[in-house]
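What follows is a set of notes on a single structure, which appears directly below.
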Amino acid sequence: MNILILGSGGREHALAWATLQNPKCDKLIVAPGNAGIAQIAECAALDINDGAAVAEFSSENAIDLVIVGPEAPLAAGVSDRLREAGLAVFGPSAAAARLEASKSFTKEICDAAKAPTASYGHFTDAEAAKAHVRAEGAPIVVKADGLAAGKGVIIAETVAEAEAAIDDMFGGSFGEAGAEVVIEEFMTGEEASFFVLVDGETCLPIGTAQDHKRVGEGDTGPNTGGMGAYSPAPIMDDSVTQKALDEIVRPTMAEMAARGMPYSGVLYVGLMIENGQPRLVEYNVRFGDPECQVLMLRLGAQALDLMQACAEGRLDQAQVTWADDHAMTVVLAAEGYPGSYEKGSAIKELDGLPEDSFNMVFHAGTAAKDGQVVAVGGRVLNATARGSTLQEARDRAYALVDGVDWPQGFCRRDIGWRAL
Ligand code: AMP
Ligand code: GLY
């Protein structure tokens, strides 16, 4: 089987690694890839948001399955173009990808499906939004409706802060994404992520994780794309998982199908859990990054079988084999991230690190230059390890971190603190 993976982050390195564990994979191409991916697969320069170009490349290379990593190509309709060309695709249509691309759309689907989530108001003008905030009081959550690269959510501690955020969003600081605003009740509890494969009909849970979004230890400081993650999430016990499936995932997926936009791909379900009751925070229409890294290390070769079954609408016959194990990933980022950072510093000693089914350093923002690996992004490496306990996974992950020679990088030393 010939496989094409779209993307260039740690998530796509992990997807590529898991795909190569499976003997079914004859040829793997990743577009555009990164320096770590280039060590295990062929990388191709391709505009991954251009559906026609991806479809043409796929037919030229006799691709049997396209796995779409990030949200941008999904929102741009790349899956639709590939399906029109008769290709098997792991990733939802642009219509279904609105579950991530539009917060008001998701709230409307949740209402129709009676899925537990924060109460909300949806506004297209600042004065009405501010009146709503004054009536509700703080804390309150102000969200730009569209895709804002994870930066469109303001948790306002005071009414004045909420009003300032509303002015900001309608004032254009989030571009098109801020032309509409959703204002939500502030939910308390513990957050976890739940990953479910959906093929339009069947919903198959494949794992849980928790990530650390803040840059600083003790979960402080500005938000990032994620500084580390672990799987499974202890708070997602059988009862919470079942409720999340029965009350949130299945009803919303049925609503999507009933509206003529069945969901196909991985659904990333962001939950807030309080007193054993999950409520939806958000849907994403792709794997989380870095959550994917811990999921792939735990799933290994079966990940490809599952993604293929999902793409071919055969999830009712698929099964996940669970090992009773734990995984952790620690993100190494460039000094300064999530603010401005330097590019081009050399990363050394990567070759001497173990690479097996228990230890993997997945690359994110790396490139090869003059025979060296150099940092070219904010989040640069993911030291990822598996063990029979979370403590063992943690110790292995930090041993990988300590083996990397990269003075211009940093990481959090407390990934997993809540669970440990
Ligand atoms: P989102 O982009 O919707 O995932 O929001 C980013 C983060 O903001 C979430 O992971 C939560 O930590 C937080 N958040 C979003 N909505 C709420 C809410 N209604 N109540 C409390 N926290 C929230
Ligand atoms: N780690 C959060 C995300 O991928 O959205």
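Whatever order the structure lists them in is the order used to number ligands and atoms, beginning at 1. Only this structure's heavy atoms are used, side chains among them; waters, hydrogens and symmetry mates stay out. Start at 1 with the first residue, then count along the sequence.
Electrostatic pairing of Asp325 and Arg298 counts as a salt bridge here, judged by a charged N lying under 4.0 Å from a carboxylate O. Electrostatic pairing of Asp167 and Lys130 counts as a salt bridge here, judged by a charged N lying under 4.0 Å from a carboxylate O. Taking the charged nitrogens against the carboxylate oxygens, Glu108 and Arg98 have no contact shorter than 4.0 Å, which rules out a salt bridge. We find that Lys143 and Glu184 are joined by a salt bridge, their nearest charged nitrogen and carboxylate oxygen being less than 4.0 Å apart.
When each of Val380, Ile37, Val373 is checked for a side chain to side chain contact (heavy atoms under 4.5 Å, CB included) with His363, only Val373 meets the rule.
Against a heavy-atom cut-off of under 4.0 Å, Lys143 is close to the following atoms of ligand 1: 3 (O), 15 (C), 16 (N). Using a 4.0 Å cut-off to heavy atoms of Glu185, the atoms of ligand 1 that qualify are 18 (C), 19 (N), 20 (N).
For the residue pair His122 / Glu180, a side-chain donor-acceptor distance below 3.5 Å is found, with atom types taken as modelled. Between Glu274 and Thr188, the side chains place a donor N or O and an acceptor N or O closer than 3.5 Å (distance only, hydrogens not considered).
Residue contacts with ligand 1, taken as heavy atom pairs separated by less than 4.0 Å, involve Ile155 solely via side-chain atoms from C-beta onward. Residue-level proximity to ligand 1 for Glu282 is carried by the side chain, the only part with a heavy atom below 4.0 angstrom.
Contact residues of ligand 2 (protein heavy atom closer than 4.0 angstrom to a ligand atom; sorted by chain and number): Asp211, Gly225, Tyr268, Asn284, Arg286, Gly288, Asp289, Pro290, Glu291.
Comparing Glu184, Met187, Arg279, Glu191 by heavy-atom distance to atom 21 (C) of ligand 1, the nearest is Met187.
Arg379 places a side-chain N or O within donor-acceptor distance of the main-chain N or O of Gly226, the cut-off being under 3.5 Å.
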